[in-house]
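The first residue in the sequence is number 1, and the count goes up from there. Source: prediction; values computed, not measured.
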Amino acid sequence: MATFINEPSHTFNEYLLIPGYSDSSCIPANVSLKTPLVKFKKGEEPAISMNIPLVSAIMQAVSGDRLAVALATEGGVSFIYGSQSVEDEAAMVARAKSYKAGFVKSDSNVKPDATLRDIVELTKKTGHSTIAVTEDGTQDGKLLGIVTGRDYRVSRMSPDVKVSEFMTPFDKLIWAKEGTTLKEANDIIWDHKLNSLPIISDDGKLCYMVFRKDYDSHKQNPNELLDSHKRYIVGAGINTRDYADRVPALINAGADVLCIDSSEGFSEWQKLTIEWIRKNYGDSVKVGAGNVVDADGFRFLADCGADFIKVGIGGGSICITRETKGIGRGQATALIEVCKARDEYFEETGVYIPVCSDGGIVYDHHMTLALAMGADFIMLGRYFARFDESPSNKVSINGTYYKEYWGEGSARARNWQRYDLGGDKKLSFEEGVDSYVPYAGTLKDNVALSLSKVKSTMCNCGAMSIPELQKKAKLTLVSATSIVEGGAHDVIQKDTTPTVK
């Protein structure tokens, strides 16, 4: 006979945190959000920790190389999507890893035979006033000169004049060799009162540009997550089919951590994938697994050797697995049970395996609830899809901007590997939808706001770190009526929308 669990499974929205005592030192500025990304033994430090408890979902509409850099700058990790060719995913990883903080690849470049008209058009298109003149017009061609707004006057020059006639030529430029540190580059910029400094290879090719305006921005990113070579930490998704080809390519491209992207992780397919990685790489390659929703699933993946374990089936905003298959569990209940199993495993073995809560986050306060329930970090899809840095298109609908957002189980993504049960290489039916989400601006601004709320709530609970929150938190289930009471009610709200004249 089937096993029946008569207790309903619950979502984050059915819980509230009860305030605890906080002393005068418990203020948001003193709260640490540092958290482990991969497993570690008692008394040891994890090989990779994050400065904020956020990672981006392994989705086409979310995690490209641009978002990977933006999220690492804030202290989190992006898992570049695996539903693309091995070569394309490896190239995304390589681009993110090659991006050095402060060292920018020039995206405004022309040949010396370009005209002033070309310069004006390029400046309008990119908004950048510093343009590199290279032999072949590419960002890594041999540098011949630089054009800035000081080199020309549109009103007094013919639009057909050649760039070679008014650019600042290479022999009059101040530049630095490849290998120069960011501190050394900034010192040169300040000593010579420059706005930009080209970084040149031994054979004269342009490698990077360092800009004066970026100096302050780097000072404003104390949480940026870097490896031992001062490169951003980058994750990547893999599947349970082509790992023998994909894993080596991603590791060679520089991926710091991998994650098996699957809708359901309690399977032999994940065991075989992890076994292959351990056989070929030992513990040097870090790989997360999932998704699971109960203690049995956690224990299975823990025994398989997973470096972290994801929790959540059917709770994503674009996921229709529960509708189409009738399988899953309320995210809060699943997380609470798995984290309890994680703690028991730690007591038994001395090995701490971080838990990632994947799905079910609708409001910012749900992040705090997930952490209080035991999650070490949170994987977000819809949240990051809204930002400038996500790979999807920004579209205008009736005068309002949105970003496209689609599930990996949708026909658009065609990511059959994520839902692979050993059958044909195709989606038998959809488990995700194609949708829009309201455009929200830059990742940096939104993450800062969300985490300021998390820190404030932690202080209300008397906690100054995630482990302390998990120890001190008191949570209560709320009724449907209480949920209504928790918002604005029984008033007529003023229209706060500004009038545009």
Side-chain angles (χ1 to χ4, degrees), residues 64-70 72-73 91-92 94-116 118-152 163-164 166-221 224 226 229-232 234 254 388-389 442-444:
D65 51 289
R66 189 179 173 206
L67 191 127
V69 170
T73 300
M92 275 194 176
R95 286 197 296 272
K97 291 299 292 186
S98 66
Y99 185 97
K100 296 182 180 179
F103 292 85
V104 181
K105 280 287 187 181
S106 175
D107 61 0
S108 296
N109 312 284
V110 296
K111 292 182 179 179
D113 60 354
T115 65
L116 176 58
D118 297 324
I119 294 293
V120 173
E121 289 178 357
L122 184 58
T123 300
K124 287 181 179 178
K125 179 181 177 181
T126 64
H128 299 157
S129 59
T130 300
I131 299 172
V133 184
T134 60
E135 197 169 57
D136 58 3
T138 66
Q139 64 180 5
D140 51 7
K142 185 175 182 180
L143 185 65
L144 302 179
I146 294 287
V147 173
T148 70
R150 294 176 299 182
D151 293 315
Y152 61 88
V163 166
S164 56
F166 62 87
M167 69 181 186
T168 300
F170 182 77
D171 58 8
K172 292 185 179 180
L173 293 176
I174 294 174
W175 50 274
K177 277 192 173 184
E178 186 178 13
T180 299
T181 66
L182 183 59
K183 183 181 184 305
E184 291 169 340
N186 281 322
D187 287 344
I188 294 171
I189 286 173
W190 287 98
D191 291 345
H192 294 275
K193 299 180 180 179
L194 306 173
N195 287 324
S196 63
L197 177 72
I199 306 297
I200 310 299
S201 66
D202 289 337
D203 55 358
K205 292 185 177 180
L206 178 61
C207 299
Y208 304 101
M209 298 290 291
V210 179
F211 294 94
R212 173 190 286 263
K213 65 181 177 61
D214 288 339
Y215 178 78
D216 288 336
S217 70
H218 298 307
K219 292 293 185 183
Q220 295 170 6
N221 298 318
E224 59 185 1
L226 306 174
H229 300 288
K230 303 299 182 184
R231 302 174 302 177
Y232 286 120
V234 179
D388 284 321
E389 296 85 355
T442 66
L443 179 147
K444 182 179 183 65

Enquirer: Which heavy atom of Met209 sits nearest a heavy atom of Ser106, and at what distance?
Expert: CG-CB, 4.1 Å
Enquirer: Show, in sequence, the C-alpha distance, side-chain angles and deciding distance for Leu173 and Thr168, and conclude whether the side chain to side chain contact (heavy atoms under 4.5 Å, CB included) test is met.
Expert: CA-CA 7 Å; Leu173 293 176; Thr168 300; 3.7 Å; yes
Enquirer: Closest approach of Ile131 and Val110, non-hydrogen atoms and distance?
Expert: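 The pair with the smallest heavy-atom distance is CG2-CG2, 4.0 Å.
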Enquirer: Measure the spacing between CG of Asp187 and NE2 of His192 and express it to the nearest 0.5 Å.
Expert: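 Output value for this atom pair is 10.0 Å.
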Enquirer: Quick one: closest heavy-atom pair of Arg66 and Asp388, and the distance?
Expert: NH1-O, 3.1 Å
Enquirer: Would you compute the distance between atom CD1 of Ile188 and atom CD1 of Ile199 and round it to the nearest 0.5 angstrom?
Expert: 7.0 Å
Enquirer: Just how far is it from atom NZ of Lys111 to atom OG1 of Thr134, taken to the nearest 0.5 Å?
Expert: 9.0 Å
Enquirer: Check whether any side-chain heavy atom of Trp175 lies under 4.5 Å from a side-chain heavy atom of Leu143, and answer yes or no.
Expert: no
Enquirer: What do you reckon, is CG of Asp191 surrounded by more than 12 foreign heavy atoms closer than 6.0 Å?
Expert: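 Count over threshold, so yes.
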Enquirer: Does Trp190 reach the side chain of Arg212, with side-chain heavy atoms less than 4.5 Å apart?
Expert: yes
Enquirer: Looking at Tyr208, I'd like to know if the NZ or CZ of Lys105 sits under 6.0 Å from its six-membered ring centre while staying within 45 degrees of the ring's axis.
Expert: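 Yes, Lys105 lies over the aromatic ring of Tyr208.
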Enquirer: Donor-acceptor pair, distance only, cut-off 3.5 Å: does the side chain of Glu389 make one with the backbone of Leu443?
Expert: yes
Enquirer: Measuring from atom CG of Leu122 to atom CG of Asn109, what distance do you get when rounded to the nearest 0.5 angstrom?
Expert: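 That separation rounds to 8.0 Å.
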Enquirer: Roughly how far apart are Ile119 CD1 and Tyr152 OH, rounded to 0.5 Å?
Expert: 6.5 Å
Enquirer: Taking it one step at a time, do Lys205 and Glu135 satisfy side chain to side chain contact (heavy atoms under 4.5 Å, CB included)?
Expert: CA-CA 9 Å; Lys205 292 185 177 180; Glu135 197 169 57; over 6 Å; no
Enquirer: Nearest 0.5 Å, please: how far is CG in Leu197 from OG1 in Thr180?
Expert: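 Nearest 0.5 Å value for the OG1-CG distance: 7.5 Å.
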Enquirer: Please check: side-chain N/O of Asn186 versus main-chain N/O of Lys183, any donor-acceptor pairing under 3.5 Å?
Expert: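 Answer holds: no.
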Enquirer: Might you point out which heavy atoms bring Met92 and Asp65 nearest each other, and give the distance in Å?
Expert: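 Residues Met92 and Asp65, closest heavy atoms: O-CB, 3.4 Å.
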Enquirer: Please evaluate residues Leu206 and Ile200 with respect to the criterion side chain to side chain contact (heavy atoms under 4.5 Å, CB included), reporting the C-alpha separation (whole Å), side-chain torsions for both, the decisive distance (0.1 Å), and the verdict.
Expert: CA-CA 5 Å; Leu206 178 61; Ile200 310 299; 4.1 Å; yes
Enquirer: Would Thr130 and Asn195 count as a side chain to side chain contact (heavy atoms under 4.5 Å, CB included) here? Give the steps.
Expert: CA-CA 9 Å; Thr130 300; Asn195 287 324; 5.7 Å; no
Enquirer: Closest heavy-atom contact between Ala96 and Ala68?
Expert: CB-CB, 4.1 Å
Enquirer: Out of Thr148, Thr123, Asp107, which one pairs with His128 under the side chain to side chain donor-acceptor pair (under 3.5 Å) rule?
Expert: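 Of the listed residues Thr148, Thr123, Asp107, the side chain to side chain donor-acceptor pair (under 3.5 Å) partner of His128 is Asp107.
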Enquirer: So which atom in Tyr232 and which in Lys97 form the shortest heavy-atom distance, rounded to 0.1 Å?
Expert: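 Looks like O-NZ, 2.8 Å.
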Enquirer: Do Val163 and Asp118 have side-chain heavy atoms sitting under 4.5 Å apart?
Expert: no
